[in-house]
Amino acid sequence: MGSFQAPLLFAMTQPLLTPFRLGALKLRNRVVMAPLTRCRCDNPGYVPTAMMARYYAQRASAGLIISEGTVVSPQARGYPFTPGIWSAEQVAGWRLVTDAVHAKGGLIACQLWHCGRLSLPEFHDGQPPVAPSAVNPEWKMFSITGKPETVTPHALTRDEIKAVVGDFRTAAANAMAAGFDGIEIHSSNGYLFHQFFSPLANRRDDEYGGSHENRARFFFEVLDAIGEVMPFNRVGFRLNPMMSRFHGVSVDADTVPMWEHIVRRANDYGLAFLHLTEPFLPKQLDDTEGGLADVGAHFRPLATMPIIANGGLDQAKGEARLEAGLCDAVAYGKAWIANPDLVERFASQSPLNEPDMATFYQGGEKGYLDYPTLAA
Ligand SMILES: Cc1cc2nc3c(=O)[nH]c(=O)nc-3n(C[C@H](O)[C@H](O)[C@H](O)COP(=O)(O)O)c2cc1C
């Protein structure tokens, strides 16, 4: 008996394993699964599959799963084999996933994604992708045809921006119809929202460019539109302010004030969470002015909504951030890929499996469904 008591007591007192409420989402622990594109959607309709339902169900003991980036429209696509949420077939496919997660008592939010200029003509019948301005991010993308270079995108007209806002509204409604518990807006990592935020990508001189208010306008129009179809206490968003010299965006003296503007305005909405990524890429902050070594510490006092921390954290670092009051939950990425029972491993202080990068995006069950659990 004695040998079982110590781990049990430890598990009960670990901050990561205590329940918490993110808006309407009642998490049974604070170990969140970060959004992870896995390119397993190997069908022409971008429809989530039964294999994906098995993968997510394996990880249902997370306090909250945030789905892989899910494109809101054909125009939003940028990578092969990534799921969508614009068609009835996709909604039915996602229903397999949400039912499988709910059957195990888990919660799952859908990450809504638009790649903007980080896309390729091959997704658009040879036409360029769309962006706030006609500025090439000059980045190498992944494709079934190799690693092609990005192109100069088409600058969205104001009417086209309204259409994209409508696509997000429809996608949010579809996510609710598919049984998701909430959504996360993918407003980070150099994709469409981040392109509007960054002066490197946004050179507009209309109401969508220039001032902080103007560069954030598209994001808040999308948020308002999403609020027409679902409650804000089921909506979160993701920011990665220290995305430096990656995906065609970078950090400069304007970055922190710009992101402060976004967070302060978002406070008015009563959102479920703000998901903040810390600098975690190697050499991410070298030679950058205006960078923050600790994103959470900077934004915690500014944000009235709960915060999920992410980026290069392990169990001890996640717990330390919770104990220091820097966040309310911790999202793990690569650790969830390799450990379907990450929560159980944290609870019992067990060693973790190492992720195999070669199978992150390659398709098939290998490196997807076959990581061992402690019980196996
Ligand atoms: C294979 C892989 C796929 C990813 N896909 C997404 C994605 O779809 N959306 C997103 O916002 N971030 C994505 N990310 C970033 C992760 O959510 C996370 O921020 C990153 O892995 C850092 O967290 P970690 O150090 O715990 O792994 C991806 C990362 C990896 C490794």
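One-based numbering, in listed order, for ligands and for the atoms of each.
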Glu278 bridged to Arg321 by N-O distance under 4.0 Å: yes

Selected option - heavy-atom contact closest to atom 26 (O) of ligand 1, from Gly333, Ser187, Ala331: Gly333

Salt-bridge criterion met for Lys162 and Glu221 (N-O under 4.0 Å): yes

Shared hydrophobic cluster for Val32 and Leu313 (ILVMFWY, side-chain gaps under 4.5 Å): no

Nearest-neighbour protein heavy atom for atom 20 (C) of ligand 1, which is reported as residue plus atom name and distance: Phe280 CZ, 3.6 Å

Numbering as shown, the atoms of ligand 1 that approach His186 to under 4.0 Å (heavy-atom distance): 9 (N), 10 (C), 11 (O)

Trp113 touching ligand 1 at heavy-atom level, < 4.0 angstrom: no

Check ion pair Arg265-Glu213 (N to O, under 4.0 angstrom): no

Residue portion contacting ligand 1 (non-hydrogen atoms closer than 4.0 Å) for Asn189: side chain

Protein residue, atom and distance nearest to atom 8 (O) of ligand 1, heavy-atom basis: Thr37 OG1, 2.6 Å

Atom indices of ligand 1 within 4.0 angstrom of Gly312 heavy atoms, with elements: 24 (P), 25 (O)

Salt bridge Glu354-Lys334, side-chain N to carboxylate O under 4.0 Å: no

Proximal ligand 1 atoms for Ala34, defined as those under 4.0 Å from one of its heavy atoms: 17 (O)

For atom 1 (C) of ligand 1, the protein heavy atom that lies nearest, with its residue and separation: Tyr361 OH, 3.3 Å

Carboxylate-amine/guanidinium proximity below 4.0 Å for Lys140 and Glu149: yes

Residue from Tyr361, Tyr46, Trp113 passing ring pair (Phe, Tyr, Trp, His ring centres under 6.0 Å) with Tyr79: Trp113

Protein heavy atom at shortest distance from atom 16 (C) of ligand 1: Pro35 O, 3.6 Å

Identity and separation of the nearest protein heavy atom to atom 12 (N) of ligand 1: Arg238 NH1, 2.9 Å

Nearest-neighbour protein heavy atom for atom 21 (O) of ligand 1, which is reported as residue plus atom name and distance: Lys334 NZ, 3.7 Å

Row check, Phe196 ring normal vs Arg217 NZ/CZ: under 6.0 Å, within 45°: no

Salt bridge present between Asp181 and Lys26 (N-O < 4.0 angstrom): no

Ring centroid separation Phe168 to Phe219 under 6.0 Å: no

Side chain, backbone, both or neither: the part of Arg38 lying under 4.0 Å from ligand 1 by heavy atom: neither

Ligand-side contact atoms (ligand 1) for residue partner Gly69, heavy atom cut-off under 4.0 Å: 8 (O)

For Asn310, the ligand 1 atoms whose distance to one of its heavy atoms is below 4.0 Å: 18 (C), 19 (O), 22 (C), 23 (O), 26 (O)

Aromatic plane relationship, Phe197 with Trp259 - under 30° parallel, 30 to 60° tilted, over 60° perpendicular: perpendicular

Any N or O of Gln111 closer than 3.5 Å to N or O of ligand 1: yes

4.0 Å heavy-atom contact, Ala335 with ligand 1: no

Residue pair Tyr208, Phe218: steps toward the ring pair (Phe, Tyr, Trp, His ring centres under 6.0 Å) verdict: CA-CA 7 Å; Tyr208 293 98; Phe218 169 63; 7.2 Å; no

Proximal ligand 1 atoms for Tyr332, defined as those under 4.0 Å from one of its heavy atoms: 26 (O)

Shortest protein heavy-atom distance from atom 29 (C) of ligand 1, along with the residue and atom involved: Leu36 CD2, 3.7 Å

